[in-house]
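Lettering follows sequence order; numbering is per chain, from 1.
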Amino acid sequence: MFNQRTKIKALLQTTPIDAKVTVMGWVRTFRNNQFIALNDGSTNLNLQIVVPLGMLGEDILKRITTGASLKIAGTIAKSVGKGQTIELLAENVEILGDCDAEKYPLQPKKHSLEFLREIAHLRFRTNTFGTVFRIRHALAFAIHQFFNERGFIYLHTPIITASDAEGAGEMFRVTTLPFDGTPRNEDGSVNFKEDFFGKSTNLTVSGQLEGELGAMAFSEIYTFGPTFRAENSNTTRHLAEFWMIEPEMAFCDLEDNMNLAEEFIQYIIQYVMKNNADDLAFLDQRLAEEEKQKPANERSEMGLIEKLNFVVNNRFERITYTEAIQILLDSPAYKKKKFKYEVSWGIDMQSEHERYLVEKHFKKPVIVTNYPADIKAFYMRLNDGCEPGKQTVAAMDILAPGIGEIVGGSQREERLEKLLQRMENMHIPVEEMNWYLDTRRFGTVPHAGFGLGFERMVQFVTGMTNIRDVIPFARTPKNCNF
RNA sequence: UCCCGAAUAGCUCAGCUGGUUAGAGCAUCUGACUGUUAAUCAGAGGGUCACUGGUUCAAGUCCAGUUUCGGGAGCCA
């Protein structure tokens with residue numbers, strides 16, 4: 001019985017005047033006892049339903065409230081009023097689900113994002129979040145399409161891992177051991193032999209190491225899955241559970257890696273611009289109104305769509321870490337002592353430094369390459385021929401305006417001896433990593449890859465400033481609702 | 001985790017140097033009206049001023065602690 005319904009997006013696209021259709025959706029507003037703004041989530045636009053005066057009894061009219069779900073049959077007509085091209089002249093209105101107006105928290109008015117975060121189970125029904133999550137979907141789809149078109153294999157790397165050498169922060173423990181009467185060894189430490197996997201296990205912080213194993217057979221793979229970090233981070237760009245895309249390519253160097261990352265980002269933005277124009281238009285306007293509230297000197301120079309167009313049509317700036325440090329040292333900000341943190345070759349650049357490069361100096365996405373080896377992970381390839389004391393690795397970070405680091409990647413160290421040396425220096429347990437090292441023992445090849453934070457990408461494309469507003473149900477320290 | 005700020009009606013907020021009965025807009029309810037666009041007009045109901053303790057004749061207001069939220073920083077994607 002429900003198959004007969006027509007989606008509102010399709011109606012607004014095809015405008016089939018005089019067609020008899022049935023629509024189903026939720027009431028956004030009911031004006032004048034006569035006009036229902038109906039939304040079914042297929043688009044951010046509503047379909048106006050016209051209920052002829054006197055057609056419905058008082059008892060039914062009272063039940064058409066904001067949030068109620070309806071099934072309406074009628075005829076599509078050119079709209080008499082302004083504000084929409086077509087409307088549905090109702091012939092039959094059925095209430096599928098009532099919505100108590102006194103208890104329903106969503107009103108036909110502007111709500112704060114903070115309030116909507118507290119009712120995340122209902123916020124999909126708002127214009128803003130409907131739009132954000134349609135774009136999130138479009139980005140996810142575009143990502144799969146991009147890699148599929150290029151012959152990458154989608155590899156499902158494990159979520160539970162026994163490796164603690166991934167080196168990307170605190171991990172969530174996975175265990176079935178009881179809290180009371182935990183089995184102990186003679187020295188008092190926990191006896192993980194009794195645990196489900198017979199060893200200590202955690203949720204993954206990265207699929208990269210397993211991804212590399214796939215690339216050593218398929219040439220190109222990518223992962224796209226959830227990732228977990230038990231960091232006590234309370235910021236607008238961190239989550240305890242987030243999604244990450246990690247391509248890994250054999251026969252690939254840092255240059256190829258950068259080219260792919262840039263093409264990739266431009267491709268998925270273009271996909272959304274083409275397929276979610278209504279959604280982007282809504283967000284563009286939303287952001288423009290928000291900007292108006294700000295003092296003139298804090299307003300961003302570009303609108304959302306303007307910014308996306310710019311990113312799609314311009315090459316990213318590419319500089320080495322050494323050049324980046326020099327730009328910072330030569331900057332007016334440095335000379336006026338505006339930076340809180342020191343700048344010198346060897347530092348791990350702080351947010352203020354990255355923001356200066358991206359937002360003030362270049363005003364576009366910037367790829368920084370060849371970082372000092374001391375501040376980067378063990379698996380990154382050591383560059384040959386460095387100055388003494390200035391050893392660098394073939395790493396690259398893409399920094400985006402307003403977001404910061406959106407991509408982190410590198411060419412991997414494929415030379416067994418150098419990798420072993422590096423692991424020893426960094427106290428990585430070599431014995432436990434033999435499965436990883438085997439790729440270097442048996443037919444090793446130059447390879448590279450990167451990780452893209454999916455939520456940060458959604459933030460960039462939607463202009464949402466808080467990462468908790470671009471994931472359906474955010475997991476952050478002290479918050480695991482819904 | 002650190003720094004700063006906030007918490008008053010369902011929502012968004014006002015409430016001054018402490019002083020009668022804590023206000024507004026929107027939402028809700030009742031009624032009117034009907035081609036509306038977050039409809040409009042009239043009226044009504046709605047509050048443990050986050051929590052705990054303290055100062056004071058008197059605390060929404062001052063102080064301390066706790067909780068939660070927001071912004072920034074660190075860690076990072």
Side-chain angles (χ1 to χ4, degrees), chain A residues 27-37 45-54 58 61-62 65-67 77 79-84 87 89 99-119 126-127 166-170 205-208 225-246 261 298 339-341 348-355 375-377 397-400 403-409 450-460 465-471 476-479 481:
Chain A
V27 177
R28 284 293 173 82
T29 65
F30 185 33
R31 291 181 292 266
N32 239 348
N33 265 4
Q34 202 182 165
F35 301 101
I36 302 168
L45 303 172
N46 301 324
L47 179 66
Q48 170 151 290
I49 313 291
V50 183
V51 181
L53 288 168
E58 192 73 4
L61 282 177
K62 277 195 172 69
T65 58
T66 300
S79 182
V80 177
K82 288 176 183 168
Q84 58 280 316
E87 58 197 18
L89 303 175
C99 187
D100 187 338
E102 248 177 308
K103 291 177 184 153
Y104 188 55
L106 293 174
Q107 305 157 8
K109 62 167 274 189
K110 197 175 170 80
H111 287 103
S112 67
L113 297 176
E114 291 83 359
F115 170 67
L116 293 171
R117 232 169 265 157
E118 289 168 19
I119 51 165
T126 64
N127 286 329
E166 286 160 356
E170 293 298 308
V205 293
S206 163
Q208 182 203 312
T227 309
F228 307 87
R229 304 271 166 93
E231 301 285 357
N232 191 10
S233 297
N234 293 287
T235 77
T236 53
R237 49 191 193 284
H238 287 89
L239 293 165
E241 177 183 293
F242 63 100
W243 291 66
M244 192 153 63
I245 296 98
E246 295 176 293
E298 284 176 27
F339 292 133
K340 203 175 146 202
Y341 292 88
D348 205 351
M349 278 192 278
Q350 306 292 315
S351 295
E352 58 176 0
H353 305 139
E354 296 180 346
R355 291 184 71 137
I375 58 171
K376 288 292 183 183
D397 284 1
I398 302 185
L399 311 175
I403 312 282
E405 185 179 338
I406 198 163
V407 162
F450 62 85
L452 173 107
F454 185 54
E455 281 75 19
R456 288 188 184 176
M457 193 66 219
V458 181
Q459 275 187 280
F460 186 75
T465 52
N466 194 316
I467 200 166
R468 295 160 202 215
D469 294 332
V470 298
I471 190 165
T476 53
K478 302 279 182 288
N479 175 17
N481 299 318

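Nucleic acid contact for A:Y341: sugar-phosphate only, since backbone atoms but no base atoms lie under 4.0 Å from a heavy atom of the residue. Within 4.0 Å of A:F115, counting heavy atoms only, lie sugar-phosphate atoms of the nucleic acid but no base atom. Using a 4.0 Å heavy-atom criterion, one finds that A:K82 contacts the bases of the nucleic acid, with or without backbone contacts as well. Residue A:L239 is classed as a base contact, given a heavy-atom separation below 4.0 Å to a base. Across all strands, A:H111 comes closer than 4.0 Å only to sugar-phosphate atoms, never to a base (heavy-atom distances). Heavy atoms of A:E87 sit under 4.0 angstrom from at least one base atom. Among the heavy atoms of the strands lying under 4.0 Å from A:S79 is at least one base atom, whether or not backbone atoms are also near.
Of the side-chain N and O atoms in A:S351, one or more sit less than 4.0 angstrom from OP1 or OP2 of B:rG74. Side-chain N/O atoms of A:N127 include none lying less than 4.0 angstrom from OP1 or OP2 on B:rA38. OP1 or OP2 of B:rG70 has at least one side-chain nitrogen or oxygen of A:R468 nearer than 4.0 Å. Phosphate proximity of B:rA38 to A:T29: absent, as no side-chain N or O sits under 4.0 Å from OP1 or OP2. Dashed line: the shortest gap from a side-chain N or O of A:Q350 to OP1 or OP2 of B:rG74 is under 4.0 Å. Put simply, A:T235 has no side-chain N or O that comes within less than 4.0 Å of OP1 or OP2 on B:rG74. In terms of phosphate contacts, A:K110 brings no side-chain nitrogen or oxygen within less than 4.0 Å of OP1 or OP2 of B:rA27. Between A:R31 and B:rU36 there is no side-chain N or O to OP1 or OP2 distance below 4.0 Å.
Which of B:rC76, B:rU28, B:rA77 sits closest to the side chain of A:E102 comes down to B:rU28. Among the nucleotides B:rC75, B:rG35, B:rA38, the one closest to any side-chain atom of A:R237 is B:rC75.
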Practice prompt. Determine, step by step, whether A:Q459 and A:M457 satisfy the side-chain contact (heavy atoms from CB on, under 4.5 Å) criterion, reporting the C-alpha distance in whole Å, the side-chain angles of both residues, the deciding distance to 0.1 Å, and the verdict.
Written response: CA-CA 5 Å; A:Q459 275 187 280; A:M457 193 66 219; over 6 Å; no
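Summary of the strand contacts: A:F30 and A:P105 both lie near RNA chain B, and taking for each the nucleotide with the nearest heavy atom, the more 5' one is attributed to A:P105.
A donor and an acceptor atom sit less than 3.5 Å apart, one in the side chain of A:Q48 and one in the base of B:rU36.
Comparing the C1' positions of B:rG47 and B:rU21 gives a spacing of 13 Å, expressed to the nearest Å. B:rC51 and B:rU8 are spaced 10 Å apart, taking the P atom of each and rounding to whole Å.
Ring-base stacking between A:F242 and B:rA77 is satisfied, the centre separation being under 5.5 Å and the plane angle under 30°.
A:I49 contributes atom CD1, which lies 11.0 Å from atom CZ of A:F30 (distance to the nearest 0.5 angstrom).
For the pair A:D348 CG and B:rA73 C1', the interatomic distance rounds to 14 Å; values are reported in whole Å. We find that CD1 of A:I49 is positioned 15 Å from C1' of B:rG35, with the value rounded to whole Å.
Summarising the local packing, CZ of A:R355 is surrounded by 12 or fewer heavy atoms from other residues, nucleotides or ligands at distances under 6.0 Å.
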